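Remarks on the structure that follows.
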Amino acid sequence: ALREGRVVTERVAYRWWVLTNTFLIFTFAFGMGWTYIVMLVSQVLQDLGLAMTDWGAHLIDIVLWAMGEDNSAIMGGALGDRFGIRWAVGFGVFFMGFFLTLRGTASSFITLYVWMLLFGVALAVTFSNVPKALGMWFPPDEFGLANGVTQAGYGAGAGLATVLTPLILEDLGGWRRLTYLLGVLTMTLGVLWLLTVRDRTSA
C-alpha cells in the first residue's frame with residue numbers, strides 16, 4: 001500500500017511537467033518547425049535560384065513521402081518500446097532540430113529536400129511516442145485532456161509561425177537565420193526532455 005501511494009503521488013506531481021514538455025514540443029518543433037517555411041517560399045526560391053515549378057515538385061515529393069511516413073512511425077513506436085519514451089522522444093526531437101538547422105545550410109533543391117525529408121522522419125519517430133508518454137503518466141480519465149492540450153500546441157505553433165515569421169524575418173537577417181534559430185530551439189527541447197523527463201516505473 002505504501003508503494004502504491006508513493007507511485008500515485010509521483011504521477012500526480014510529475015505529470016504536468018511531462019505535459020508542459022509535450023506542449024512545447026508540439027508548439028515549437030512540430031507547429032513552427034513545419035509551418036514557418038510556407039511563409040518563406042519566395043525568399044527560399046530566390047536564394048537558391050529556383051523556380052516556382054521546382055517548389056511545386058518539392059511539395060509533391062513531400063506529399064509522396066508523407067504517404068510512406070507510416071514506416072517511420074512504426075519504426076519510432078518500436079524504438080519507444082525498446083528503449084523507452086525518454087530516449088525515443090528526446091533523441092527524436094533533438095534530431096528534428098539538427099536536421100532543421102541543416103536545412104538552413106541548403107544550397108540546392110536536393111539538399112533542401114534531403115534535410116526536410118530527414119526532419120520529417122525524425123518528426124514521425126517522435127510523434128508516435130508522445131501519446132505513450134502521456135498514457136504513461138496520465139490516468140485514463142485525464143488522458144483525453146492531456147492529449148488535447150498537446151495537440152493544441154501544434155495549432156498554436158502553426159499560428160505563431162504564420163504571424164511572427166513576416167515580422168521577425170528582417171530583424172533576424174533572412175530565412176536561414178530563422179531556420180537556425182528554430183533548429184537550436186528544437187534541439188534544446190530535445191535535451192530538456194532527455195534531462196528531465198523519465199519513463200514511469202510500473203507499480
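These figures come from a predicted structure and were not determined experimentally.
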(message) Which heavy atom of Thr162 sits nearest to which heavy atom of Met39, and what is that distance?
(response) O-CE, 3.6 Å
(request) List the atom of Ile85, the atom of Asp199, and the distance in Å for their closest heavy-atom pair. (result) N-OD2, 2.8 Å
(message) So which atom in Ala133 and which in Val18 form the shortest heavy-atom distance, rounded to 0.1 Å?
(response) O-CG1, 4.3 Å
(request) Applying side chain to side chain contact (heavy atoms under 4.5 Å, CB included) between Leu189 and each of Leu194, Val93, Asn21, report the one that passes. (result) Val93
(message) Quick one, Met116 and Ile37 - any side-chain contact, counting heavy atoms below 4.5 Å?
(response) yes
(message) Just to verify, which of Trp16, Tyr14, Phe143 counts as forming a ring-ring contact (aromatic ring centres under 6.0 Å, His included) with Phe138?
(response) Trp16
(request) Please list all pairs passing the salt bridge (charged side-chain N to carboxylate O under 4.0 Å, His left out) test where one or both residues lie in residues 165-194, with sequence neighbours left out. (result) Asp47-Arg176
(message) Working to the nearest 0.5 angstrom, can you tell me the gap between Leu182 CG and Leu178 CG?
(response) 4.5 Å
(message) My understanding is that only residues two or more places apart in sequence, or in another chain, count here; which of them pass ring pair (Phe, Tyr, Trp, His ring centres under 6.0 Å) with Tyr36?
(response) none
(message) Using only atom types and a distance under 3.5 Å, with no angle test, would you say the side chain of Thr27 pairs donor to acceptor with the backbone of Gly153?
(response) yes
(message) Strictly by salt bridge (charged side-chain N to carboxylate O under 4.0 Å, His left out), give each pair with a member in residues 122-132 just once, sequence neighbours left out.
(response) Asp81-Lys132
(request) Go through Phe99 and Leu102 one step at a time and tell me if the side chain to side chain contact (heavy atoms under 4.5 Å, CB included) criterion holds. (result) CA-CA 5 Å; Phe99 293 127; Leu102 289 178; 4.1 Å; yes
(message) Do Thr105 and Trp115 have side chains that approach each other closer than 4.5 Å (heavy atoms only, starting at C-beta)?
(response) yes
(request) State yes or no: are the ring centers of Phe127 and Phe26 separated by less than 6.0 Å? (result) yes
(message) Quick check: closest heavy atoms across Ala122 and Gly92, and the distance to 0.1 Å?
(response) CB-O, 3.7 Å
(message) With a 6.0 Å cut-off on the ring centroids, do Trp34 and Phe30 count as close?
(response) no
(message) Do Val44 and Leu112 have side chains that approach each other closer than 4.5 Å (heavy atoms only, starting at C-beta)?
(response) yes
(request) Work out which heavy atom in Trp137 is nearest to a heavy atom in Arg198; give both atom names and the distance. (result) NE1-O, 3.2 Å
(request) Locate the shortest heavy-atom distance separating Thr186 from Phe28; write the atom from each residue and the value. (result) OG1-O, 4.3 Å
(request) Can you measure from CG (Leu169) to CD (Gln43) and round to the nearest 0.5 angstrom? (result) 5.5 Å
(message) I need the Phe119 CZ to Thr179 OG1 distance, nearest 0.5 Å.
(response) 10.5 Å
(request) To the nearest 0.5 angstrom, please state how far the CG atom of Asn129 sits from the CE atom of Met136. (result) 9.0 Å
